[in-house]
**Q** 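The following block contains the structure, expressed as structure tokens.
Below, chain A is the first sequence line, B the second, and so on; all start at residue 1.
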Amino acid sequence: MDNTRVARVLEAIADLLELEDVQWKPRAYRAAAQSIAFMSEDINDVYQKGLLEDIPHVGSSIAKKIAELIKTGSLRYYERLKKKSKVNIEELSRIEGLGPKTIKHLYDALHITNLASLKKAAEEGKIRNLEGMGKKREKNLLEAIHFAQKTKDRHVRGHVVRDIDALKTHITRNPAAGLFLIAGSYRRYTETIGDIDILVTSTQPKKLITHINAFERIERMLAKGSTKTSFVLKNGLHVDVRVVDKNSFGSAAQYFTGSKYHNIALRKIAQKKGLKLSEYGLFRGEKRIAGKNEKSVYAGLGLQYISPELRENQGEIELAKNKKIPTLVAKVHGDVQMHTHYSDGANSVGEMIHACKKMGYAYMGISDHAGTLKIAGAMNKQQIAKQRKEIDKQDFHVLQGAEVDIDSKGKLTLKNDALKDFDYVIASIHSGFHQTKQQLTTRILAAMQNEYVRIIAHPTGRVIGKREGYTLDWERVFNTSKETNTYLEINASPERLDLRDEHIHAAINAGCKLIINTDAHNTDSLHCMDAGIGMARRGYAQDKHIINTKSYMPFLKLLKA
DNA sequence: GCCGTTTTCGGCCCGACTGTTTTCAGTCG
Ligand SMILES: Nc1nc2c(ncn2[C@H]2C[C@H](O)[C@@H](COP(=O)(O)OP(=O)(O)OP(=O)(O)O)O2)c(=O)[nH]1
Ligand SMILES: [Mg+2]
Ligand SMILES: [Mg+2]
Ligand SMILES: [Zn+2]
């Protein structure tokens, strides 16, 4: 019973109660579910320690239910509710514009319980006759059912860069467009995003929105008004655009960046101070006392500024009250995991060096695959020597590293007498993901014990949306990392982002130092460093925790330590 | 159902857009 499963049950209870028209309880269950889904502690540990009621929005009643769920694997209260209702709420509420009230109405009037029966009723024209419904409503439902089947729910953050560029170019081309900001979860650097949220300022919002809605990649409109417009692009990506006056830019940015629960928490603070916070500003009565920029909004609430990456209502507001938010890592001076023609990279050594110089780095490291034939294009002895010569004649701090596979027994696939010729060795797991936590941990520890291994790449092996990362015995991993001065990597490539935020947070709390690398297989991918830094910031990492924030000599000293 | 140095009872974020209404409920961000 992990956090996700507990949260799902609480969410499902909220859905069922909502359908029964129960007041307020659904909100309570949802808030508790939210806390549990996002907290970094394991719910089982919290239960063992008897601290369930310390979780925000978990009181005695919900705590009892969680305890039962953990102890017995099921929950009688939930089963009872489920038995009473025949409606597949999860399926139906995925339909755009279909919420609890309508679902209940449809069930009461037409016994609609799932997508199939909804579709049938709509096609037979039965829905238009219901009270409060009409022809348009029925048509919209049919359309929403049609599109629900083909739209993806979330996108890997790094995969929408081109769409964002195109949207920005289109929107800012219009003279009515002022300040432009990508807000929402994208700005918070979450690994996946549900949609793209864009904030633009304008003195002529209607004119600007007309222009925005003429974007050629739009497939269909979802809503349009005088302050916002929403649509779906031909590739299935949802876009929400909000237009406000520039005097509200800060408060609108705060609102539209979220997260939702962070917003609600801030608005409660405002209430307590006798103020009101909305996207239009922070108000005392009719008077706007902040809103032009985000800093003024936080200051007006008596809070230290909170970076977007931390705005998840996971303790950051409490820290900000006490001015305890640290200065987060913002920039690195080098990148030492990347691949070239020597293994499976798409660019030459020279091209990668040129690109790293353009990134503004002071140093870099090339880490082509070496040591095993299992990974495509691993270098042999001659190639390693040839690459060394090529690297050594450069007028730039270029290190020669290697990425070496850890085999299923924990042995490196290259011998020490070959490893010793590299400036540093990166070890990583590319197979045997299904071993036990113990076995996987042992493999990682064994690699860290090797004197030439300086970095463990993508430590959990996850591939976002495709493969869950494996779990490790983190305490032992962190301890060995410290003992051997082996750095755990924050791999910045879009599908990995591994270590992820909660592991980063745990690692730095344990006293580990980390390194952010892109694992670029071409020059373009070097730019995903930004996302790696974003993930590090989500994990509260500061400069002192990230070794490649150092200039060359101190970095080298740490790498060789 | 949860929560609280102005409350242990009575609140629970605040606003835009849509479709169906002749004044607003539902859904969404
Ligand atoms: N105050 C308030 N703000 C909300 C609410 N729902 C959404 N927002 C704000 C905060 C969100 O970050 C922002 C954009 O909404 P989205 O639904 O796109 O969520 P977000 O981008 O955070 O996550 P996503 O990856 O899109 O699922 O709008 C709400 O119920 N109340
Ligand atoms: Mg969003
Ligand atoms: Mg959105
Ligand atoms: Zn590779």
**Q** Please state whether the phosphate of B:dA16, meaning OP1 or OP2, lies under 4.0 angstrom from any side-chain nitrogen or oxygen of A:Tyr280.
**A** yes

**Q** Among B:dG1, B:dG29, B:dC14, find the nucleotide with the atom closest to the side chain of A:Ser278.
**A**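 That would be B:dC14.
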
**Q** Counting only side-chain N and O atoms of A:Gln271, is one of them less than 4.0 Å from OP1 or OP2 of B:dG11?
**A** no

**Q** Would you call the rings of A:Phe231 and A:Phe215 parallel, tilted or perpendicular if under 30° counts as parallel and over 60° as perpendicular?
**A**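 Answer is tilted, since the angle falls between 30° and 60°.
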
**Q** Expressed as a whole number of angstroms, how long is the span from A:Phe283:CZ to B:dC14:P?
**A**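 These atoms are roughly 12 Å apart.
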
**Q** Please tell me which of A:Gly132 and A:Pro56 maps to the more 5' nucleotide of DNA chain B, matching each residue to the nucleotide holding its nearest heavy atom.
**A**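 Nearest-nucleotide comparison on DNA chain B picks A:Pro56.
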
**Q** Reckon A:Thr227 has a side-chain N or O less than 4.0 Å from the OP1 or OP2 of B:dG15?
**A**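 No.
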
**Q** Less than 4.0 angstrom from a charged side-chain N to a carboxylate O is my criterion; do A:Asp21 and A:Lys101 meet it?
**A** yes

**Q** Atom CG of A:Asn140 to atom C1' of B:dG19: distance rounded to whole Å?
**A**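 That distance rounds to 9 Å.
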
**Q** In whole Å, measure the gap between the C1' atoms of B:dT23 and B:dT18 for me.
**A** 15 Å

**Q** With the side chain of A:Ala223 defined as its heavy atoms from C-beta on, choose the nearest nucleotide among B:dT18, B:dG19, B:dG15.
**A**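 Per side-chain heavy atoms of A:Ala223, the pick is B:dT18.
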
**Q** Between B:dT21 and B:dC14, how far apart are the P atoms? Round to whole Å, please.
**A** 31 Å

**Q** Pick base, sugar-phosphate or nothing for A:Lys136, based on heavy-atom distances below 4.0 Å to the nucleic acid.
**A**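 The answer is sugar-phosphate, as A:Lys136 gets under 4.0 Å only of primed atoms, P, OP1 or OP2.
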
**Q** Just the rounded figure in Å: distance from C1' of B:dT27 to NZ of A:Lys104.
**A**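 Checked: the NZ to C1' distance equals 18 Å.
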
**Q** Can you find a side chain N or O atom of A:Asn263 that sits less than 4.0 Å from OP1 or OP2 on B:dC14?
**A**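 No, A:Asn263 has no side-chain N/O under 4.0 Å of OP1/OP2 on B:dC14.
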
**Q** Would you kindly give the CG-to-C1' distance between A:Leu141 and B:dC28, to the nearest whole Å?
**A** 15 Å

**Q** When you compare the side chain of A:Ile209 with that of A:Asn213, does any pair of heavy atoms fall below 4.5 Å?
**A** yes

**Q** What interatomic distance, in whole Å, is found between P of B:dC17 and the corresponding atom of B:dT22?
**A**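 Each nucleotide's P atom is 22 Å from the other's.
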
**Q** Taking atom P in both B:dA16 and B:dT20, compute the distance separating them and give it to the nearest angstrom.
**A**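 It works out to 22 Å between them.
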
**Q** For the residue pair A:Arg217 and A:Asp163, what are the closest heavy atoms and their distance?
**A** NH1-OD1, 3.6 Å

**Q** Give the rounded distance in Å between these two atoms: CD of A:Glu138 and P of B:dT18.
**A**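 After rounding, the gap between these two atoms is 20 Å.
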
**Q** Base, sugar-phosphate, or nothing: which does A:Asp240 touch, judged by heavy atoms less than 4.0 Å apart?
**A**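 Sugar-phosphate: the residue A:Asp240, judged by heavy atoms under 4.0 Å, touches backbone atoms but no base.
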
**Q** By nearest nucleotide on DNA chain B, pick out whichever of A:Ile95 and A:Gly225 is the more 5' one.
**A** A:Gly225

**Q** Over how many whole Å does the gap from A:Glu96 atom CD to B:dT18 atom P extend?
**A**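 For the pair A:Glu96 CD and B:dT18 P, the rounded distance is 13 Å.
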
**Q** Ion pair present between A:Arg311 and A:Glu294, side-chain N to carboxylate O less than 4.0 angstrom?
**A** yes

**Q** Side chain of A:Tyr29: nearest nucleotide among B:dG1, B:dC17, B:dG29?
**A**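 Nearest nucleotide to the side chain: B:dG1.
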
**Q** In whole Å, what is the span from the NZ atom of A:Lys224 to the C1' atom of B:dG29?
**A**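 Answer to the nearest Å: 19 Å.
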
**Q** What is the base-pairing partner of B:dG29, counting Watson-Crick and G-U wobble geometry with both distances under 3.5 Å?
**A**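 WC or wobble partner is B:dC14.
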
**Q** Please confirm whether A:Arg220 makes a cation-pi placement over A:Phe147, using NZ or CZ under 6.0 Å from the six-membered ring centre and within 45° of the ring normal.
**A**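 Yes - A:Arg220 lies over the ring of A:Phe147, closer than 6.0 Å to its centre and within 45° of its axis.
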
**Q** Look at the side chain of A:Lys260 and decide which nucleotide, out of B:dC17, B:dG29, B:dC13, has an atom nearest to it.
**A** B:dC13

**Q** A:Arg128 side chain N/O closer than 4.0 Å to the phosphate oxygens (OP1, OP2) of B:dT20?
**A** no

**Q** What interatomic distance, in whole Å, is found between C1' of B:dT8 and the corresponding atom of B:dC12?
**A**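 Their C1' atoms lie roughly 15 Å apart.
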
**Q** Output yes when A:Glu495 and A:Arg157 qualify as a salt bridge under the 4.0 Å nitrogen-oxygen rule, no when they do not.
**A** no

**Q** Within the structure shown, what part of the strands sits under 4.0 Å from A:Ser230 by heavy-atom distance: base, sugar-phosphate, or nothing?
**A** nothing

**Q** Contact class for A:Pro100 (heavy atom, under 4.0 Å): base, sugar-phosphate, or nothing?
**A**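 Sugar-phosphate contact only - A:Pro100 comes under 4.0 Å of backbone atoms but never of a base.
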
**Q** Can you tell me how far C1' of B:dC28 sits from NZ of A:Lys101, to the nearest Å?
**A** 14 Å

**Q** Out of the candidates A:Glu316, A:Glu309, A:Glu312, A:Glu502, only one should pair with A:Arg538 under the salt bridge (Lys or Arg N to Asp or Glu O under 4.0 Å) rule; please name it.
**A** A:Glu312

**Q** Within the structure provided, determine whether A:Ile66 and A:Ile70 are in side-chain contact (heavy-atom separation under 4.5 Å).
**A**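 Result yes, sub-4.5 Å side-chain heavy-atom pair found.
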
**Q** For A:Ile264, report the nucleic acid contact type (base, sugar-phosphate, nothing); a contact means any heavy atom under 4.0 Å.
**A** base

**Q** Taking any heavy-atom pair under 4.0 Å as a contact, classify A:Lys64: base, sugar-phosphate, or nothing.
**A**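 Here A:Lys64 touches no strand at all.
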
**Q** To the side chain of A:Asp197, which of B:dG1, B:dG29, B:dC12 is closest?
**A** B:dG29

**Q** Could you check whether A:Leu266 gets within reach of a base, just the sugar-phosphate, or nothing at all, counting any heavy atom under 4.0 Å?
**A**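 Result for A:Leu266 = nothing.
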
**Q** As a test of reading the structure: which of B:dC12, B:dG1, B:dT27 is closest to the side chain of A:Thr102, going by heavy atoms?
**A**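 When the side chain of A:Thr102 is considered, B:dT27 is the closest of B:dC12, B:dG1, B:dT27.
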
**Q** Say we look at B:dT6 and B:dG11: how far apart would their C1' atoms be, to the nearest angstrom?
**A** 15 Å

**Q** Does A:Ser61 place a side-chain N or O at less than 4.0 Å from the phosphate oxygens OP1/OP2 of B:dG1?
**A** yes

**Q** Looking across every strand, which nucleic acid part, if any, lies under 4.0 Å from A:Phe256 by heavy atom: base, sugar-phosphate, or nothing?
**A** sugar-phosphate

**Q** Using a 4.0 Å heavy-atom cut-off across all strands, classify A:Asp195 as base, sugar-phosphate, or nothing.
**A** nothing

**Q** By the 4.0 Å heavy-atom rule, please label A:Leu222 as base, sugar-phosphate, or nothing.
**A**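 No contact at all - A:Leu222 keeps every heavy atom at 4.0 Å or more from the nucleic acid.
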
**Q** Choosing from B:dC17, B:dC3, B:dG1, which nucleotide comes nearest the side chain of A:Ile62?
**A**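 Given the options B:dC17, B:dC3, B:dG1, the side chain of A:Ile62 is closest to B:dG1.
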
**Q** Report the nucleotide, chosen from B:dG19, B:dC2, B:dC14, that has the shortest atom-to-atom distance to any side-chain atom of A:Arg137.
**A** B:dG19

**Q** According to a cutoff of under 5.5 Å between the ring centres and under 30° between the ring planes, does A:Trp24 stack with the base of B:dC2?
**A** no

